[in-house]
Amino acid sequence: MKKKVMLIIMMLFLIVGCTPINKMNYEDIINKVVTSKYDIANQFRTGYKYYTPKGIAPINGNDFNEILGSSTTNYYFYVDVVSYYNRAIEEYEVDDNAFYSKKISYEEKFGYLEINKQENNKYLIEIMYNYAKIEVIVDSNKINEAITNSIVILS
C-alpha cells in the first residue's frame, strides 16, 4: 500500500512540474515575474540594488550603467535615478513596426518591452521597467530566456 501511495505522489510531482519558459509567450513571462512578491537582492550599488539570476554576473560598470553577462549574452543595464527621484512617468506608445511591442504596468511601476529584428537573425530586446532599462541582442531561440532574465533583474 505504501508503495502505491509513493508512486502516486511521485507521478503527481512529475506531472505538475514547472512550465519551461521556452513554451510560454512573452506576456505570460512578464506577468509571472512582475507579479511575484520576492524582495531579494544580491547586487548592491550606491542608490539601488537588484537581483541577478543564476549564471549572470556583473562584468563592468560605472555609476548607473553596467554590463551584466552570462556565458553567451551581455545585458546592458541602465538605472535612471533622475526619473526615479522626480517620479517621472514616460509614456510609451506601442510600435506597430516592431517584432513585438507591449506596455508593462503593475501597481505603481510601469515600462515596456520592445523586440526588433536585426541582421543575421538576431533580435534586439529593450525592456524598461521600474526606472531601469536593459538592452540585449540574442538569437531567436534565446528571446524567452533573455526576457525572463531581464525582467527578473528589473523587478
Side-chain angles (χ1 to χ4, degrees), residues 16-155:
V16 176
C18 298
T19 304
I21 61 168
N22 289 333
K23 294 183 180 180
M24 297 174 70
N25 65 36
Y26 308 140
E27 191 169 342
D28 288 343
I29 292 171
I30 291 169
N31 289 336
K32 279 192 179 269
V33 176
V34 168
T35 58
S36 65
K37 296 293 182 186
Y38 299 107
D39 188 21
I40 56 175
N42 60 6
Q43 302 294 322
F44 301 90
R45 305 292 183 263
T46 303
Y48 65 99
K49 61 186 176 181
Y50 61 95
Y51 175 79
T52 55
K54 185 177 180 181
I56 296 178
I59 296 174
N60 190 3
N62 56 17
D63 294 332
F64 304 107
N65 293 304
E66 289 196 52
I67 299 173
L68 309 173
S70 68
S71 60
T72 59
T73 308
N74 286 338
Y75 297 79
Y76 298 90
F77 178 49
Y78 167 73
V79 177
D80 189 357
V81 292
V82 174
S83 292
Y84 175 77
Y85 179 74
N86 293 319
R87 297 292 184 211
I89 297 175
E90 181 181 323
E91 285 297 319
Y92 175 76
E93 291 187 29
V94 173
D95 184 358
D96 294 329
N97 296 323
F99 177 77
Y100 183 83
S101 180
K102 176 92 171 141
K103 284 184 182 182
I104 303 170
S105 64
Y106 179 70
E107 294 180 346
E108 293 183 14
K109 298 176 184 174
F110 65 93
Y112 65 88
L113 165 62
E114 187 171 298
I115 304 171
N116 288 297
K117 189 170 185 176
Q118 304 290 302
E119 297 174 2
N120 300 330
N121 204 27
K122 301 269 186 185
Y123 291 83
L124 170 64
I125 300 171
E126 294 179 49
I127 299 180
M128 198 284 289
Y129 183 71
N130 198 18
Y131 297 103
K133 183 176 184 178
I134 289 182
E135 294 182 356
V136 59
I137 296 177
V138 294
D139 293 324
S140 61
N141 62 341
K142 298 281 188 180
I143 293 174
N144 286 11
E145 179 182 342
I147 292 171
T148 304
N149 290 334
S150 297
I151 202 71
V152 164
I153 294 166
L154 296 174
S155 292

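We're numbering straight along the sequence, starting at 1. Nothing here was measured: the structure is a model prediction, and the numbers come from that model.
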CD1 on Ile134 to CG on Leu113, rounded to 0.5 Å
11.5 Å

side-chain hydrogen bond (donor to acceptor under 3.5 Å, both in side chains) against Asn116, all qualifying residues, sequence neighbours excluded
Glu114

Got a second to check how far Met128's CE is from Leu154's CG, nearest 0.5 Å?
9.5 Å

According to salt bridge (charged side-chain N to carboxylate O under 4.0 Å, His left out), does anything in residues 120-138 pair up with another residue at least two apart or in another chain? List the pairs.
Lys122-Asp139, Glu126-Lys133, Lys133-Glu135

Which residue pairs pass the ring pair (Phe, Tyr, Trp, His ring centres under 6.0 Å) test with at least one member in residues 133-155, sequence neighbours excluded?
none

According to ring pair (Phe, Tyr, Trp, His ring centres under 6.0 Å), who are the partners of Tyr92, at least two apart in sequence or on a separate chain?
Tyr112

Using side-chain hydrogen bond (donor to acceptor under 3.5 Å, both in side chains) as the criterion, list what pairs up with Tyr129, not counting sequence neighbours.
none

I need the Thr148 OG1 to Ile143 CD1 distance, nearest 0.5 Å.
11.5 Å

Which residues pass the side-chain hydrogen bond (donor to acceptor under 3.5 Å, both in side chains) test with Ser70, sequence neighbours left out?
none

Is any side-chain heavy atom of Ile127 closer than 4.5 Å to one of Ile153?
no

Does anything in residues 131-155 pair up under ring pair (Phe, Tyr, Trp, His ring centres under 6.0 Å), and if so which pairs, sequence neighbours excluded?
Tyr84-Tyr131, Phe110-Tyr131

Report the residues that fulfil ring pair (Phe, Tyr, Trp, His ring centres under 6.0 Å) with Tyr76, sequence neighbours left out, ordered by chain and then residue number.
none

At their closest point, which heavy atom of Val136 faces which heavy atom of Ala146, and how far apart are they?
CG1-CB, 4.0 Å

Nearest-0.5 Å distance, CD1 of residue Ile151 to CG of residue Asn149
11.0 Å

Residues two or more places apart in sequence or in another chain: which of them pass ring pair (Phe, Tyr, Trp, His ring centres under 6.0 Å) with Phe77?
Tyr50

Can you tell me how far apart OG (Ser101) and CG (Asp95) are? Round to the nearest 0.5 Å.
5.5 Å

Those residues at least two apart in sequence (or on a different chain) that pass side chain to side chain contact (heavy atoms under 4.5 Å, CB included) with Asn121 are Lys117, Tyr123, Ser140

How long is the gap from CD1 on Ile56 to OH on Tyr51, to the nearest 0.5 Å?
9.5 Å

Could you work out, with side chain to side chain contact (heavy atoms under 4.5 Å, CB included) as the rule, every residue matching Glu91, not counting sequence neighbours?
Ile89, Lys103

Give me each pair satisfying salt bridge (charged side-chain N to carboxylate O under 4.0 Å, His left out) with a member in residues 59-84, each pair once, sequence neighbours excluded.
Arg45-Glu66

Does Asn86 use its side chain to pair, donor to acceptor, with the backbone of Val82 at less than 3.5 Å?
yes

Worked check of side-chain contact (heavy atoms from CB on, under 4.5 Å) between Leu124 and Ile115
CA-CA 6 Å; Leu124 170 64; Ile115 304 171; over 6 Å; no

